[in-house]
Amino acid sequence: MKFQIKSDSISKLSADIIILVVNGRNKLCSSLGLSKIHQDNLNSIIKLDDIPQATGSVNIAPIQGAFKRVCFVRIQDQDDFGEEDLLKSAKNIIRAIKSIQCGTIVLPLNQFINKKINESTASKLFSRVAIDESYVINSLKSDKKTSKKNHMISFQVNKLDGNTIRLGIKEGQAIAEGMNLTKDLGNLPPNICTPTYLASQARKIAKDFKMKSTILNQKQIEKLKMGSFLSVAKGSRVEPKFIIIEHKKGKKLSKPIVLVGKGITFDAGGISLKPGAAMDEMKYDMCGAATVLGVMKTIGLLNLPINVVGLIPACENMPDGLAVKPGDIVKSMSGQTIEILNTDAEGRLVLCDALTYAERYKPETVIDIATLTGACVIALGHHASAVFSKNDNLANDLLEAGNKSIDKAWRMPLWDEYQPLLNSNFADIANIGGRAAGSITAACFLSRFTKKYSWAHIDIAGTAWNSGKDKGATGRPVSLLSQFLIHKTKK
Ligand code: BES
Ligand code: MN
Ligand code: ZN
């Protein structure tokens with residue numbers, strides 16, 4: 001997928017296909033500057049009424065002249081549509097274009113600009129969606145599909161404001177490439193995507209973008225006294241890794257934002273073994289880690305002037321003879337003791353030590369990202385990630401970044417009333433709080449390790465992958481977090 005900007009009038013351009021917006025009254029955008037022949041030709045096709053009324057619907061028709069085809073997209077009210085309509089339209093346009101053989105695409109950008117959407121937002125969303133939708137699973141099937149067709153999208157503009165559009169395209173591309181890395185890592189089988197593999201990916205990103213990576217092995221993790229993290233890793237023959245990746249392009253003394261990603265490369269549940277149905281999907285239990293790596297790639301591609309640290313506790317959760325057992329009490333790096341009542345609540349056990357480790361950076365903010373609880377899927381389904389934070393500004397910034405990038409999140413309570421559910425008779429804290437409010441008590445558990453800084457937790461159990469026929473990782477919430485970080489650099 002390639003992009004360019006054209007300031008020639010439409011009558012001077014030619015391509016395999018042109019994208020045209022049709023409003024609710026079957027009218028084309030008035031300022032297009034189409035030739036009379038085109039205009040008449042197009043109006044007669046529109047009169048056939050083949051374009052469904054719902055905003056975002058598309059219809060492709062052959063035409064005469066410099067464009068071989070037209071892809072109509074319905075936008076009911078051109079003065080009043082927002083990012084969400086734009087995303088839906090962009091997705092449908094790209095899917096339609098991909099379904100037919102066409103290499104060159106002219107997309108007059110002005111049709112998509114109104115008081116809510118500016119050039120930079122439009123070019124950013126279109127380029128992101130174009131790359132995101134062109135993703136093909138890097139599968140291990142023996143007969144590889146033939147190479148994908150190369151598309152060239154020309155954003156046509158009436159007056160050339162090249163820089164904003166160029167930056168929009170650059171950001172959109174960088175976000176989509178970060179998402180695609182996250183999808184690749186999520187989709188890989190757990191016998192390939194091991195903690196060691198995640199570590200090699202962190203090293204590669206660090207090398208490509210002049211960041212610093214540090215990989216701690218079992219011995220070094222033991223030295224740090226991460227007893228909680230290690231108790232999970234004990235059940236597997238595969239060595240745990242603690243992965244650190246640092247992007248230091250902000251002001252020397254400005255405090256970093258630390259991103260912590262859950263990196264369980266397979267979650268069998270441990271001794272509290274999961275049922276067999278769909279257990280394969282627990283290969284996605286490292287999508288928090290994959291999100292951190294995807295975001296690092298995005299900010300690397302953009303060379304964002306900001307300090308960001310990524311931390312990934314990575315291991316498997318397996319039922320071995322030496323595995324941690326229900327009833328075991330372990331000591332976390334923070335010194336707090338934890339009674340493990342269910343070994344399947346392992347995400348919080350690896351994250352808590354990473355959150356304690358984060359203290360050494362004296363961070364401005366710490367955000368952890370985790371496929372933490374099935375209860376989160378019950379609460380919010382697959383459309384919104386859950387945000388937990390005691391800091392209203394931080395929570396609002398994350399929600400806003402989610403809205404802006406159509407990678408939506410919803411805030412959940414983190415009130416102290418829930419904390420007693422984690423009381424233990426034998427240790428400082430229990431690792432589960434019972435069936436009620438399962439995603440909240442998981443967040444409450446983490447909160448006990450985050451007293452020294454401003455913190456938010458994002459539960460992505462419902463948003464990180466799709467099940468069923470479209471089974472696969474989604475690359476969420478890379479765009480939310482990238483938007484959040486990009487916004488910080490512009491403040
Ligand atoms: N990785 C799972 C959470 C999960 C479940 C994500 C389903 C996506 C889909 C996590 O480690 C887990 O097993 N959580 C338990 C916690 C419970 C034992 C308190 C859960 O949600 O059942
Ligand atoms: Mn689990
Ligand atoms: Zn898990």
Side-chain angles (χ1 to χ4, degrees), residues 186 190 193 195 198 228-229 231-236 238 240 260-291 312-319 323-328 338-354 368-386 388 412 418 421-424 429-446 457-468 471-474 476-477:
C193 188
L198 287 178
S228 184
F229 174 26
S231 75
V232 177
K234 258 174 59 167
S236 167
V238 159
V260 180
K262 172 176 172 183
I264 299 293
T265 59
F266 189 72
D267 180 11
I271 296 298
S272 314
L273 194 64
K274 283 186 182 295
M279 203 204 260
D280 65 291
E281 295 194 354
M282 282 301 126
K283 71 173 181 178
Y284 293 115
D285 215 16
M286 35 53 73
C287 281
T291 296
I312 297 170
C315 70
E316 290 182 340
N317 185 25
M318 298 283 277
V324 71
K325 306 170 289 297
D328 282 1
I338 304 164
E339 184 184 17
I340 296 177
L341 293 174
N342 188 321
T343 65
D344 198 12
E346 86 296 342
R348 59 199 82 180
L349 296 174
V350 304
L351 289 169
C352 70
D353 282 341
D368 78 76
I369 308 101
T371 49
L372 201 63
T373 62
C376 181
V377 191
I378 304 299
L380 293 178
H382 302 285
H383 297 295
S385 306
F388 300 83
M412 302 270 273
Y418 293 97
L421 292 169
L422 294 168
N423 286 351
S424 158
I429 183 172
N431 83 323
I432 56 169
R435 274 171 55 78
S439 59
I440 302 175
T441 50
C444 284
F445 181 96
L446 297 177
H457 156 60
I458 308 182
D459 195 331
I460 57 169
T463 52
W465 78 90
N466 294 317
S467 306
K471 190 192 277 188
T474 59
R476 293 180 67 182

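Every number for a ligand or one of its atoms is a count from 1 in the order of the listing. Values in this document were obtained by computation on a predicted structure and should not be read as measured data.
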Nearest heavy-atom neighbours spanning H457 and A443: CD2-CB, 3.7 Å
Ligand 1 contact on I264 by region, counting heavy-atom pairs under 4.0 Å: neither
N431 versus F445, closest heavy-atom pair with distance: CA-CE1, 3.9 Å
Top protein contact for atom 9 (C) of ligand 1, by heavy-atom distance: M282 CE, 3.6 Å
N/O separation below 3.5 Å, D344 to ligand 1: yes
Spacing of D368 atom CG and D459 atom CG [to the nearest 0.5 Å]: 9.0 Å
Atom of D267 closest to the Zn ion (ligand 3), considering N, O or S atoms: OD2
Under 4.0 Å to a heavy atom of K274 - the qualifying atoms of ligand 1, by number: 12 (C), 13 (O)
Criterion side-chain contact (heavy atoms from CB on, under 4.5 Å) on S228 and L349, from CA distance to verdict: CA-CA 5 Å; S228 184; L349 296 174; 3.5 Å; yes
N, O or S atoms of the protein lying under 2.8 Å from the Mn ion (ligand 2): D267 OD2, D344 O, D344 OD1, E346 OE1
The one among L349, I432, D459 that brings a heavy atom closest to atom 19 (C) of ligand 1: I432
D267-ligand 1 polar pair, N/O distance under 3.5 Å: yes
Derivation and outcome, side-chain contact (heavy atoms from CB on, under 4.5 Å), residues I460 and R476: CA-CA 8 Å; I460 57 169; R476 293 180 67 182; over 6 Å; no
For Y284 against A473, the heavy-atom pair lying closest together: CE2-N, 3.8 Å
Carboxylate-amine/guanidinium proximity below 4.0 Å for D285 and K262: yes
Proximity to ligand 1 by part of E281, non-hydrogen separation under 4.0 Å: neither
Structural part of K262 in contact with ligand 1, heavy atom criterion under 4.0 angstrom: side chain
Ligand 1 to E346 polar contact by distance, N or O atoms, under 3.5 Å: yes
Atom 16 (C) of ligand 1: the protein heavy-atom neighbour that sits closest, reported with distance to 0.1 Å: R348 NH2, 3.9 Å
From CG (L351) to CG (L372), nearest 0.5 Å: 6.5 Å
Residue pair M279 / A268: nearest heavy atoms and the distance that separates them: CE-O, 4.1 Å
Non-hydrogen atoms of C315 and P240 that approach each other most closely: CB-CB, 3.9 Å
Ligand-side contact atoms (ligand 1) for residue partner T371, heavy atom cut-off under 4.0 Å: 1 (N), 2 (C), 3 (C), 6 (C)
G374, any N or O under 3.5 Å of ligand 1 N or O: yes
The Zn ion (ligand 3) contact by K262, N, O or S atom under 2.8 Å: yes
Any donor-acceptor pair under 3.5 Å from N317 side chain to T343 backbone: yes
Atom 22 (O) of ligand 1 touched by protein heavy atom at under 4.0 Å: no
The Zn ion (ligand 3) - name of the N/O/S atom of D285 that sits closest to it: OD2
Subset of ligand 1 atoms that lie under 4.0 Å from at least one heavy atom of W465: 8 (C), 9 (C)
Test of proximity, N342 against ligand 1: N or O pairs below 3.5 Å: no
N, O or S from E346 under 2.8 Å to the Zn ion (ligand 3): yes
Which residue and heavy atom of the protein sit nearest atom 3 (C) of ligand 1, plus the separation: L372 O, 3.5 Å
Nearest heavy atoms of D353 and F229, plus distance in Å: OD2-N, 2.9 Å
